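Computed from a prediction, not measured in an experiment: that's the story for all the values here.
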Amino acid sequence: MENTRGFETSQLTLQMRRTDNPETVFAPHCHEWYEIYCFLGGQADFRVEGVCYPLRPGDALLLERSRFHSVQATAAEGDYCRATIQFAHEILRDDEQCLLEPFTGTAILYPGAWEKIDRRVEALEKASEMPEVVRNLAIRTELVGILLELFAMSGTATGATETHARIQEVLTYINANLTAPLTLEGLAEKFYMGRNTLARAFKRATGSTVADYILYKRMALARIFLHSGHPAGVVARECGFSDYSTFYRSYKKIYGQSPSAPQAADENDEPLTTALAPTPDAL
């Protein structure tokens, strides 16, 4: 049995989910929005960028946009239950952007945070039912309240308990070079590892293949800049795709739609490398 409820706007989604499926697996993925993940019940193995974060009911994880993550839940000791809030950074005013600082780094696990924010999450859900004239304001106000609570708890945040040092080096390199050619063979040679050895270690640490990780990271990066209004052709080139058709097919396969920005880019368009180049910490 599965139960899901919540709401969605152009800048925020809230979803509450409960399932008694004993082997619920959420494949490795990343978003172009920030995410607050609250673990409410059951047992789960949560991985972010190749490191494991142990979860207890009531814990929260803060995920910066484009951070690769996955969760495998078991219902051995009760239903798997969680709440997630995903939001675009544009929903916050300029003077509120500092509330995103706790999402960076590795100390992103907030033990027992649900006890502090559960009523605010309930208020956020109720805000979606407000009259249209004040709905967006009410939703933004409740989100800011949640972020303020988490900001105040940042001193209690902890990091991961399990790391794969060698794979972390590979991940850091990939994230710093998403716009450059990247292949399993090239990475294995650079890090003095056998191709199969790297593939197995990478899959064990992240739950993903090297190729899928690179593709999803490039897609998340592309989606961010498409939403910022950059032409799709330029974004494709600057996000490491050799041709637009490959980018188009990949984007449509992952997101179920064609790129939303203009698809044609003039050959004389200025490169967007400076604007698009990712930083390792941001990804």
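Between atom CE of residue M193 and atom CZ of residue R200 there is a gap of 9.5 Å, rounded to the nearest 0.5 Å. Of the inter-residue distances, the one linking H69 atom NE2 with E64 atom CD reads 12.5 Å to the nearest 0.5 angstrom. Remark: L92 CG to L100 CG distance equals 5.5 Å, nearest 0.5 Å. Taking CG from L12 and CD1 from I139, the interatomic distance works out to 6.5 Å, rounded to the nearest 0.5 Å. Once rounded to the nearest 0.5 Å, the distance linking NE2 of H31 with CZ of F68 reads 10.5 Å. The CD1 atom of I91 sits 11.5 Å away from the NE2 atom of H89 when rounded to the nearest 0.5 Å.
Sorted by first and then second residue, the ring-ring contact (aromatic ring centres under 6.0 Å, His included) pairs involving residues 177-197 (not counting sequence neighbours) are Y173-F191. Applying the ring-ring contact (aromatic ring centres under 6.0 Å, His included) definition to pairs two or more places apart or across chains, none involves residues 127-152.
Considering only heavy atoms from C-beta on, L62 comes within 4.5 Å of I36 through its side chain. Side-chain atoms of T206 and L171, non-hydrogen and from C-beta on, do get closer than 4.5 Å to each other. Put simply, the side chain of K217 does not reach to within 4.5 Å of the side chain of I174, judged on heavy atoms. Between L109 and F46 the shortest side-chain heavy-atom distance does not fall below 4.5 Å. Side chains of T9 and F87 form no contact here, defined as non-hydrogen atoms less than 4.5 Å apart. Put simply, the side chain of R65 does not reach to within 4.5 Å of the side chain of E32, judged on heavy atoms. Using a 4.5 Å cut-off on side-chain heavy atoms (C-beta onward), L184 and F202 make no contact. Side chains of I224 and S66 form a contact here, defined as non-hydrogen atoms less than 4.5 Å apart.
Under the 4.5 Å side-chain contact rule for hydrophobic residues, W33 and I108 do not share a cluster. Hydrophobic clustering places M130 together with V133 (ILVMFWY residues linked when any side-chain heavy atoms are closer than 4.5 Å, directly or through intermediates). There is a path of hydrophobic side-chain contacts, each under 4.5 Å, that joins L148 to W114.
Listed here is the closest heavy atom pair of V71 and A44: CG2-CB, 3.8 Å. The nearest pair of heavy atoms linking P259 to L226 is CB-CD1, 3.9 Å. Across P57 and G42, no two heavy atoms sit closer than the pair CG-O, 4.4 Å. Across all their heavy atoms, L221 and L178 have their closest contact at CD2-CD1, 4.4 Å. Considering every non-hydrogen atom in both C98 and D95, the closest pair reads SG-O, 3.9 Å. The nearest pair of heavy atoms linking V48 to R67 is CG1-CD, 4.1 Å.
Ring geometry for F225 versus H230: interplanar angle of 30 to 60°, hence tilted. Note on ring orientation: taking the six-membered ring where Trp is involved, the planes of F247 and F241 are perpendicular (angle over 60°, cut-offs 30° and 60°). In this pair, F39 and Y37 present their aromatic rings parallel. The plane angle is below 30°, not in the 30 to 60° band.
Around atom CZ of F103, more than 12 heavy atoms belonging to other residues, nucleotides or ligands sit under 6.0 Å away. For E185, the CD atom sits in a packed shell: over 12 heavy atoms of surrounding residues, nucleotides or ligands are nearer than 6.0 Å. In the displayed structure, R18 atom CZ is contacted under 6.0 Å by at most 12 heavy atoms of other residues, nucleotides or ligands. Counting heavy-atom neighbours within 6.0 Å of E189 CD, excluding the residue itself, gives a total of 12 or less.
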### Task
Would you sort out whether L215 and I254 count as a side-chain contact (heavy atoms from CB on, under 4.5 Å), showing the intermediate values?
CA-CA 10 Å; L215 177 61; I254 291 174; 4.0 Å; yes
### Query
Would N175 and Y213 count as a side-chain contact (heavy atoms from CB on, under 4.5 Å) if you check the C-alpha gap in whole Å, the side-chain angles of each, and the deciding distance to 0.1 Å?
CA-CA 10 Å; N175 285 320; Y213 179 88; 3.1 Å; yes
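Within the 3.5 Å criterion, the main-chain N or O of S245 finds a donor-acceptor partner in the side chain of D243. E142 contributes no side-chain N or O that, together with a main-chain N or O of E122, makes up a donor-acceptor pair within less than 3.5 Å. Side-chain N or O atoms of R56 include none that pairs as donor or acceptor with a backbone N or O of P111 at under 3.5 Å. When atom types are taken as modelled, the side chain of E96 and the backbone of R93 share a donor-acceptor pair closer than 3.5 angstrom.
A donor atom on one side chain and an acceptor atom on the other are not found under 3.5 Å apart for R17 and Y80.
Salt bridge status for K126 with E129: absent, with no side-chain N to carboxylate O gap under 4.0 Å.
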